Engineer: 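My structure is below; once you've seen it, I'll send some questions.
Please read these numbers as outputs of a predicted model, since none were measured by experiment.
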Amino acid sequence: MTRFDGETSPAFEIVEPAQWRAPVIFNSPHSGSIYPDEFLSASRIDLLTLRRSEDSFMDELIGHLSERGFPTVRVNFPRSYVDVNREPYELDPRMFSGRLPSFANTRSMRVAGGLGTIPRVVGDGQEIYRERILVDDALGRIETLYKPYHRALRRLINKVHQMFGTVVLVDCHSMPSVGVSRDEPRRPDVVIGDRYGTSCTPLLPDRVEETMTGLGYSIGRNKPYAGGFITEHYGNPASGLHAVQLELNRAIYMDERRRERGPRFAQVAADFGVLAEVLATTIPFGDLGPFQAAAE
């Protein structure tokens, strides 16, 4: 496995179950909290501010699911260092010293907002770097962290697909309890993103909504988050690959200001276990394979 931070930390971790319960993968790409020293030195903002971009503790909320028969994936490096939920080369030329490769996507909406593969800002819009960083540094992060993660995730997806004939990828994120805009209405407890019906069978978000509503959570669909690169890239229902993104309101399970686990943390983790079990027992996986999906 690729390592970083002086060879002391795995860049990401995949835990496969001893006994497979169902073809459902739980992924946490934005909960990484191990910050390389050179990154902190180059930053104009402190660690606490950098951490505002983290989906804090999401890896812990789903980590126990591997013991219940579901593979789990967690990324340990922070999304403010390199964001695996982007295209591989969504890069802002204003950030770098040197020429970007010609194939870089410099015009996406995410780049314009400062949230490309190598982010320019943290979640609340504060600039990260004191000065421009070397293009070779950015490309190195992509080669040594981004690409190995996606290769490993693709191998896992292919393995599950071969075992079961279909795959459900649940991409787990968290969101601030309030939006940047004052005009934005109160955010629900959970936002389900399926790229407006394109990344998975409609049964999957419907079943997630039914389950989480039954557990007392308020639900939104696709707004303000419809799913990022991972949901879009790996969700291909016609091939039997189904991806759904879950955005959990941070106020439910943590103290956002202190960045500490809240009193409902254990219950929320248990509720993810309930959701996993419902998906395993009520989704007709045999009907979600490539041939059936293509014939609809």
Engineer: Mind checking what makes salt bridge (charged side-chain N to carboxylate O under 4.0 Å, His left out) contact with R120, not counting sequence neighbours?
Structural biologist: D92, E127
Engineer: Suppose we screen for salt bridge (charged side-chain N to carboxylate O under 4.0 Å, His left out). Which residues come up paired with D189, at least two apart in sequence or across chains?
Structural biologist: R186
Engineer: Would you call E209 and R221 a salt bridge, using N to O less than 4.0 angstrom?
Structural biologist: yes
Engineer: S108 side chain to N105 main-chain N or O, any donor-acceptor pair under 3.5 Å?
Structural biologist: no
Engineer: Please tell me whether M95 and V121 are part of a single hydrophobic cluster in this structure, the criterion being side-chain heavy atoms less than 4.5 Å apart.
Structural biologist: no
Engineer: Working note: V274 + L215, criterion side-chain contact (heavy atoms from CB on, under 4.5 Å); need CA distance, chi angles, decisive distance, verdict.
Structural biologist: CA-CA 9 Å; V274 172; L215 292 169; 4.1 Å; yes
Engineer: Taking salt bridge (charged side-chain N to carboxylate O under 4.0 Å, His left out) as the test, write out the residues that go with R51, two or more places apart.
Structural biologist: E54
Engineer: Considering non-hydrogen atoms only, spot the tightest contact between R94 and V111 and give its length.
Structural biologist: NH2-O, 4.5 Å
Engineer: For T231 and D194, run side-chain contact (heavy atoms from CB on, under 4.5 Å): C-alpha distance rounded to whole Å, both residues' side-chain angles, the deciding distance at 0.1 Å, then the answer.
Structural biologist: CA-CA 7 Å; T231 309; D194 63 356; 5.9 Å; no
Engineer: Would you name the heavy atoms of V178 and R187 that are closest together and state the gap between them?
Structural biologist: O-NH1, 3.8 Å
Engineer: Report yes or no: does S80 contribute a side-chain atom to a donor-acceptor pair with the main-chain N or O of V122 at less than 3.5 Å?
Structural biologist: no
Engineer: Are L115 and Y129 connected, step by step, through hydrophobic side chains (Ile, Leu, Val, Met, Phe, Trp, Tyr) whose heavy atoms are closer than 4.5 Å?
Structural biologist: no
Engineer: Once side-chain hydrogen bond (donor to acceptor under 3.5 Å, both in side chains) is applied, do any residues pair with R110, and if so which ones, sequence neighbours excluded?
Structural biologist: E90
Engineer: Kindly indicate whether the side chain of F272, heavy atoms from C-beta on, has any atom under 4.5 Å from the side chain of M212.
Structural biologist: no
Engineer: Which residues pass the side-chain hydrogen bond (donor to acceptor under 3.5 Å, both in side chains) test with D136, sequence neighbours left out?
Structural biologist: none
Engineer: Using atom types as modelled and distance alone, determine if a side-chain donor or acceptor of S199 lies under 3.5 Å from a backbone N or O of A243.
Structural biologist: yes
Engineer: Answer yes or no: is there a donor N or O on one side and an acceptor on the other, between the side chain of S239 and the main chain of P290, under 3.5 Å?
Structural biologist: no
Engineer: Are the side chain of R195 and the backbone N or O of A226 linked by a donor-acceptor pair below 3.5 Å?
Structural biologist: no
Engineer: How long is the gap from OG1 on T72 to CG on L156, to the nearest 0.5 Å?
Structural biologist: 9.5 Å
Engineer: Please lay out, stage by stage, how R130 and S43 fare under the test side-chain hydrogen bond (donor to acceptor under 3.5 Å, both in side chains).
Structural biologist: CA-CA 6 Å; R130 291 195 182 94; S43 174; over 6 Å; no
Engineer: Answer with yes or no whether the hydrophobic clustering places V191 together with I219; edges join I, L, V, M, F, W, Y residues whose side-chain heavy atoms lie under 4.5 Å apart.
Structural biologist: no
Engineer: Which heavy atom of G193 sits nearest a heavy atom of N222, and at what distance?
Structural biologist: CA-OD1, 3.3 Å
Engineer: Considering residues at least two apart in sequence or located in another chain, which fulfil the side chain to side chain contact (heavy atoms under 4.5 Å, CB included) criterion with L40?
Structural biologist: Y35, L47, L50
Engineer: For residues E232 and E87, determine if any side-chain heavy atom of one lies less than 4.5 Å from a side-chain heavy atom of the other.
Structural biologist: no
Engineer: Would you kindly say whether D83 and H30 are connected by a side-chain donor-acceptor distance under 3.5 Å?
Structural biologist: yes
Engineer: Tell me, which pairs form a salt bridge (charged side-chain N to carboxylate O under 4.0 Å, His left out) where one or both residues lie in residues 249-259, sequence neighbours left out?
Structural biologist: D55-R250
Engineer: If we only count heavy atoms from C-beta on, is the S28 to V73 side-chain gap below 4.5 Å?
Structural biologist: no
Engineer: Please answer: with hydrophobic residues joined when any side-chain heavy atoms are less than 4.5 Å apart, are L241 and M163 in the same cluster?
Structural biologist: yes
Engineer: Just by distance, do the side chain of T211 and the backbone of R207 share a donor-acceptor pair under 3.5 Å?
Structural biologist: yes
Engineer: Looking only at heavy atoms, what is the nearest atom pair of L91 and I118, with distance?
Structural biologist: CD2-CG1, 3.7 Å
Engineer: Is Y81 close to R141 at the side-chain level, that is, under 4.5 Å between some pair of heavy atoms?
Structural biologist: yes
Engineer: Please check: side-chain N/O of H242 versus main-chain N/O of T201, any donor-acceptor pairing under 3.5 Å?
Structural biologist: yes
Engineer: Are the side chain of T166 and the backbone of G240 linked by a donor-acceptor contact shorter than 3.5 Å?
Structural biologist: yes
Engineer: Is there a side-chain contact between N158 and R154 in this structure, where contact means two heavy atoms from C-beta onward sitting under 4.5 Å apart?
Structural biologist: yes
Engineer: Nearest 0.5 Å, please: how far is CG in L246 from OH in Y225?
Structural biologist: 14.0 Å
Engineer: How far does CG of L100 sit from CG of L139, to the nearest 0.5 angstrom?
Structural biologist: 7.0 Å
Engineer: Indicate yes or no: at least one non-hydrogen side-chain atom of M175 is less than 4.5 angstrom from one of L248.
Structural biologist: no
Engineer: Which heavy-atom pair separates L65 from A276 by the least distance, and what is that distance?
Structural biologist: CD2-CB, 4.1 Å
Engineer: Measure the shortest side-chain to side-chain distance between N27 and I62 over non-hydrogen atoms and say whether it is less than 4.5 angstrom.
Structural biologist: no
Engineer: Measuring from I128:CD1 to Q126:CD, what's the distance to the nearest 0.5 Å?
Structural biologist: 10.0 Å
Engineer: Return yes if some donor-acceptor pair links the side-chain N/O of H64 with the main-chain N/O of A269 below 3.5 Å, else return no.
Structural biologist: yes
Engineer: Run F70 and L279 through side-chain contact (heavy atoms from CB on, under 4.5 Å) and show every step you take.
Structural biologist: CA-CA 11 Å; F70 305 91; L279 296 180; 6.0 Å; no
Engineer: Could I get the full list of side chain to side chain contact (heavy atoms under 4.5 Å, CB included) partners for E60, not counting sequence neighbours?
Structural biologist: F57, R261, F265
Engineer: Would you check if I252 and N249 make a side-chain contact, meaning some heavy-atom pair closer than 4.5 Å?
Structural biologist: yes
Engineer: Could you walk me through whether Y253 and S174 pass side-chain hydrogen bond (donor to acceptor under 3.5 Å, both in side chains), step by step?
Structural biologist: CA-CA 10 Å; Y253 70 92; S174 68; 3.2 Å; yes
Engineer: Using ring pair (Phe, Tyr, Trp, His ring centres under 6.0 Å) as the criterion, list what pairs up with F96, not counting sequence neighbours.
Structural biologist: none
Engineer: Is there a path from Y89 to M109 through hydrophobic residues (I, L, V, M, F, W, Y) whose side chains come within less than 4.5 Å of each other?
Structural biologist: no
Engineer: So, using side chain to side chain contact (heavy atoms under 4.5 Å, CB included) as the criterion, who are the partners of H150 when residues are at least two apart?
Structural biologist: V84, Y146, F229, I230, Y234
Engineer: Could you pull out all donor-acceptor pairs under 3.5 Å where a side-chain atom in residues 14-26 meets a protein atom, sequence neighbours excluded?
Structural biologist:
unit_1: E16; atom_1: OE1; unit_2: K159; atom_2: NZ; d: 2.6
unit_1: R21; atom_1: NE; unit_2: E277; atom_2: OE2; d: 3.4
unit_1: R21; atom_1: NH2; unit_2: E277; atom_2: OE2; d: 2.5

Engineer: Looking just at side-chain N and O atoms, do Q267 and D271 make a donor-acceptor pair shorter than 3.5 Å?
Structural biologist: yes
Engineer: When rounded to the nearest 0.5 angstrom, what is the spacing between CG in N85 and CZ in R79?
Structural biologist: 7.5 Å
Engineer: Could you pull out the closest heavy-atom pair between V244 and C200, with the gap in Å?
Structural biologist: CB-SG, 4.4 Å
Engineer: Quick one: salt bridge (charged side-chain N to carboxylate O under 4.0 Å, His left out) partners of R74, sequence neighbours excluded?
Structural biologist: E13, D59
